[in-house]
Amino acid sequence: MKQGIAFGIYSIKDNPKRLAAKIQGQIFDLFLLAEKNVFEALKIDNSVFENDFLNNFISLGKEKTNAVIQILKNINLEEYSSCVVLKEEADLHLPIRIGDYTDFYSSEQHAYNVGVMFRDPNNALLPNWKHLPVAYHGRSSSIFVSGKNFHRPKGQINASDTTLPGFSESKRLDIELEMATIIGKNNEIGNAIDVNQAEDYVFGFSLFNDWSARDIQRWEYVPLGPFLAKNFFSSIAAWVVPIEELASFRVDAEVQNPEVLPYLKEKNRKNFDITLEVYLIPHSVKTHTEVLMCKSNFKNMYWTVAQQIAHHTVNGCNLNIGDVMGSGTISGKTPDSYGSLLELSWGGKNPIALPDGSTRTFLEDGDTIVIKGYAVNENYSVDFGEVRTTILPTK
Ligand code: CA
């Protein structure tokens, strides 16, 4: 079966970082391929392929990057076996020099679940939710690549609005299963992006885990939204899948009711059918067994990526190459597809049983979370790799 291409950054020992492409399950060094004149017709400076990040490559524009993808699909891989990178020797790095980071809140089931738990089942969605894709501006400096671990955050915590806050480590450390959209084209300040052209501004997608400290979040989030509950760490996969590789996985997005304002109305409303899985490796299990915690799908988005971009720029805000937009936690309609422990344990009320006899509501020190993503049909498969992170004790 044909497999889709993904791009990343790798190095071996102290050698310079280079661009890598995953082709038919193997990793190829794009600088070595360029030195063998594989991309000669495109007149790309080879230095683009020996680089700390994908940004310069993305800046070439879609015409060139798509031409690179086509060449990679058509070369005889056996002929270039000297350009293969051995997985066990390679370190994978943060693929993008991330500029700005925005996190949306675009899965209806997730917003509904949170609304039921924290507010009122009859008014779970706030009045604006079905009229605009809600988001907050996050922090890009604390986004790290899969494999990098972090210490449990500390902060100000208050379980009730009638008591005084205390200071301690977070006891409700949680995941958020998300996809990251990587922006691939700038728009000038003052120029909104048309919703029907918004996908031209997307280079591709990566798996994303928006780590969240629910107890810190509860006390701090009113009235301006998340701050220290989110910016202590976020995890992104080492691989970016170009949007063009997902052409055969487009599915209709659900019809929106109520009707949205004209600037958010799409001629062709599509989501992407990408299976997303969250696994827990409990610290207590010596065999490092991965326990499936949830299985969701990127198609569970009420607001499409195109609508997110159109809304983000409708006031003239400028997006830049290398900006990241988180989708928001992606929860499906069934409880086994909820994309956070907050929802899976229903606010900590329903502990989740693990095979070793222990239970989890929120995460414990030493626990490892692995997010995986893939899309498969009869003819084509795309592998997003994984995001793997272990919780270290508070510093
Ligand atoms: Ca989030």
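Residues take their numbers from the sequence shown, with the count starting at 1. Both counts, for ligands and for their atoms, begin at 1 and track the order of listing.
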**Report entry** Rounded distance [0.5 Å steps], CD in Glu50 versus CG in Leu30
**Finding:** 12.0 Å

Query - Residue pairs fulfilling side-chain hydrogen bond (donor to acceptor under 3.5 Å, both in side chains) with at least one residue in residues 83-99, sequence neighbours excluded - result: Ser11-His93

Requested in this report: For the pair Ser331 and Glu343, evaluate side-chain hydrogen bond (donor to acceptor under 3.5 Å, both in side chains) and give the outcome as yes or no after the intermediate values.
Outcome: CA-CA 9 Å; Ser331 296; Glu343 295 162 89; 2.9 Å; yes

Query raised in the report: Hey, are Arg18 and Asp29 close enough for a salt bridge, meaning a charged N less than 4.0 Å from a carboxylate O?
Result: yes

Query - N/O/S atom name from Glu178 that is nearest to the position of the Ca ion (ligand 1) - result: OE2

Requested in this report: Report the name of the N/O/S atom of Asp103 located nearest to the Ca ion (ligand 1).
Outcome: OD2

Query raised in the report: Taking the Ca ion (ligand 1) as the vertex, what is the angle from OD2 of Asp210 to OE1 of Glu176, given to 10 degrees?
Result: 80°

